[in-house]
Amino acid sequence: EKVLDAVVSTYGGPPVDGLGTTGGFKIIIEDRGNLGQAELQKICDAIVKEGNEDAEGKLTALGHSARAKTPWLYLEIDRVKCMALGVSVSDVFNTLQVYLGSYYVNNFNEFGRTWQVNVQADQKYRNKVTDIRQLQVRNNVGMMVRLGTFMNVRDTSGPVMVMRYNMYAATAITGNTGPGTSSGQAIDLMQEIADRELPRSMAYEWTELTYLQLEAGNKAMFVFALAVMFVFLVLAAQHESWSLPPAVILLAPMCLLCS
């Protein structure tokens, strides 16, 4: 069989263990105006397309997981008929869970190992959509009633997953940097693309390691200044003089300039 319209991307491990699931960067697109999953996917598609095609190789393997029109099965339960037949709706849900999704019972020890006991219908009894209507549930007098007696199954569509970030419906866009591109350049490029593509009712947020990188910023000069101040105070206490430490500290840059 052939897989149509498949997109395969390879990502390395996270630079910091435990901080994120993959390498590269991750940006969150938030639907703050409640435009819907379809519009969120449309905007994410535009950002990914522009990043992959128009970034001159600076960004690679951009992708997202938003799928607003995945095939679903809608189970329409006639609750009035359930009441007439003496079937509890909660028992219907439990039956669907056990037969289709499996149900954990307990553990047992055998051959020096611990094994799980999970109950589920055999594959041939849950392989087709019509098999759902043949499943049976027990009513309040002990009789078995087919689900098809009070339930209809029809096709529909919906999102494959609803993700929320900062309480907003959101989608994560992941990607890698191209050869010769730093993480800072990739951040600036993604922000430019997002600013062009996002409507006013949507916003973006950085997360994981990229978020920490932006929070830290360029603090090298600040840390260097604190280090020089610390050395100055140590030398002032050691030589009991405020004028001698500057002469000692300035020896290092003077030696670098002479070399």
Side-chain angles (χ1 to χ4, degrees), residues 7-30 32 43-65 165-166 168 170-200 202-259:
V7 178
V8 180
S9 301
T10 303
Y11 297 90
V16 180
D17 290 338
L19 191 59
T21 55
T22 62
F25 55 84
K26 179 184 289 187
I27 184 172
I28 306 295
I29 307 299
E30 299 174 350
R32 298 187 176 182
I43 296 300
C44 291
D45 288 339
I47 295 176
V48 169
K49 180 179 179 181
E50 183 175 352
N52 285 327
E53 295 180 356
D54 302 333
E56 300 179 354
K58 295 181 180 180
L59 303 176
T60 61
L62 259 69
H64 66 86
S65 59
Y165 194 87
N166 290 338
Y168 298 106
T171 296
I173 297 179
T174 56
N176 281 325
T177 57
T181 303
S182 66
S183 59
Q185 292 173 327
I187 291 173
D188 294 338
L189 188 56
M190 282 299 300
Q191 291 181 161
E192 292 176 4
I193 296 174
D195 290 335
R196 288 195 300 267
E197 296 292 343
L198 288 181
R200 297 182 61 182
M202 290 189 182
Y204 63 85
E205 296 277 355
W206 291 99
T207 187
E208 296 180 358
L209 190 61
T210 309
Y211 171 78
L212 296 180
Q213 178 179 342
L214 292 174
E215 283 290 305
N218 188 10
K219 297 182 179 178
M221 296 302 298
F222 178 72
V223 174
F224 181 75
L226 287 179
V228 172
M229 181 182 299
F230 179 75
V231 171
F232 175 82
L233 293 176
V234 170
L235 291 176
Q238 182 177 0
H239 297 287
E240 298 181 353
S241 171
W242 294 104
S243 58
L244 186 59
V248 177
I249 294 175
L250 289 176
L251 284 176
M254 290 181 61
C255 293
L256 292 176
L257 291 175
C258 293
S259 64

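This one's a predicted model, so the numbers in the text were calculated from it and none came from an experiment. Note: hydrogens, waters and symmetry copies are ignored here, and every other heavy atom, side chains too, is used.
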Quiz item: Considering the options Leu233, Val228, Leu235, which one meets the side-chain contact (heavy atoms from CB on, under 4.5 Å) requirement together with Val231?
Solution: Leu235
Self-check item: Atom pair CG/OG of Asp188 and Ser182 - distance to nearest 0.5 Å
Solution: 8.0 Å
Exercise. Using the test salt bridge (charged side-chain N to carboxylate O under 4.0 Å, His left out), find all partners of Glu30 that sit at least two apart in sequence or belong to another chain.
Key: Arg32
Quiz item: Do you know the tightest heavy-atom contact between Ser65 and Thr171?
Solution: N-CG2, 4.2 Å
Quiz item: Do the non-hydrogen side-chain atoms of Ile47 and Met190 ever get within less than 4.5 Å of each other?
Solution: yes
Quiz item: What pairs with Arg200 under salt bridge (charged side-chain N to carboxylate O under 4.0 Å, His left out), at least two apart in sequence or on another chain?
Solution: none
Quiz item: Which atom names give the shortest non-hydrogen contact between Ala186 and Leu59, and what distance separates them?
Solution: CB-CD2, 3.7 Å
Quiz item: How long is the gap from CG on Asn176 to OG on Ser183, to the nearest 0.5 Å?
Solution: 12.0 Å
Quiz item: Rounded to the nearest 0.5 Å, how far apart are CD of Glu53 and CG of Leu62?
Solution: 11.0 Å
Exercise. Please examine the side chains of Glu197 and Glu50, heavy atoms only from C-beta on, and report whether any two atoms are closer than 4.5 Å.
Key: yes
Quiz item: Closest approach of Ile249 and Pro253, non-hydrogen atoms and distance?
Solution: O-CD, 3.3 Å
Self-check item: Flag side-chain contact, heavy atom, 4.5 Å: Ile187 against Phe25
Solution: no
Practice problem: Identify the two heavy atoms, one from Ser243 and one from Pro246, that lie closest to each other, and give their separation to 0.1 Å. | Solution: O-CD, 3.2 Å
Exercise. Write down the atom of Ser259, the atom of Leu256, and the distance for their closest heavy-atom approach.
Key: OG-O, 2.7 Å
Practice problem: Could you pull out all residues at least two apart from Tyr204 that satisfy side chain to side chain contact (heavy atoms under 4.5 Å, CB included)? | Solution: Ile27, Ile29, Gln191, Ala194, Asp195, Leu198, Trp206
Self-check item: With Thr207 via side chain to side chain contact (heavy atoms under 4.5 Å, CB included) - residues at least two apart
Solution: Lys26, Ile28, Tyr165
Quiz item: Quick one: side chain to side chain donor-acceptor pair (under 3.5 Å) partners of Thr174, sequence neighbours excluded?
Solution: Tyr11
Quiz item: What pairs with Glu192 under salt bridge (charged side-chain N to carboxylate O under 4.0 Å, His left out), at least two apart in sequence or on another chain?
Solution: none
Practice problem: Grab the two heavy atoms, one from Asn52 and one from Ala61, that are nearest each other, plus how far apart they are. | Solution: OD1-N, 3.8 Å
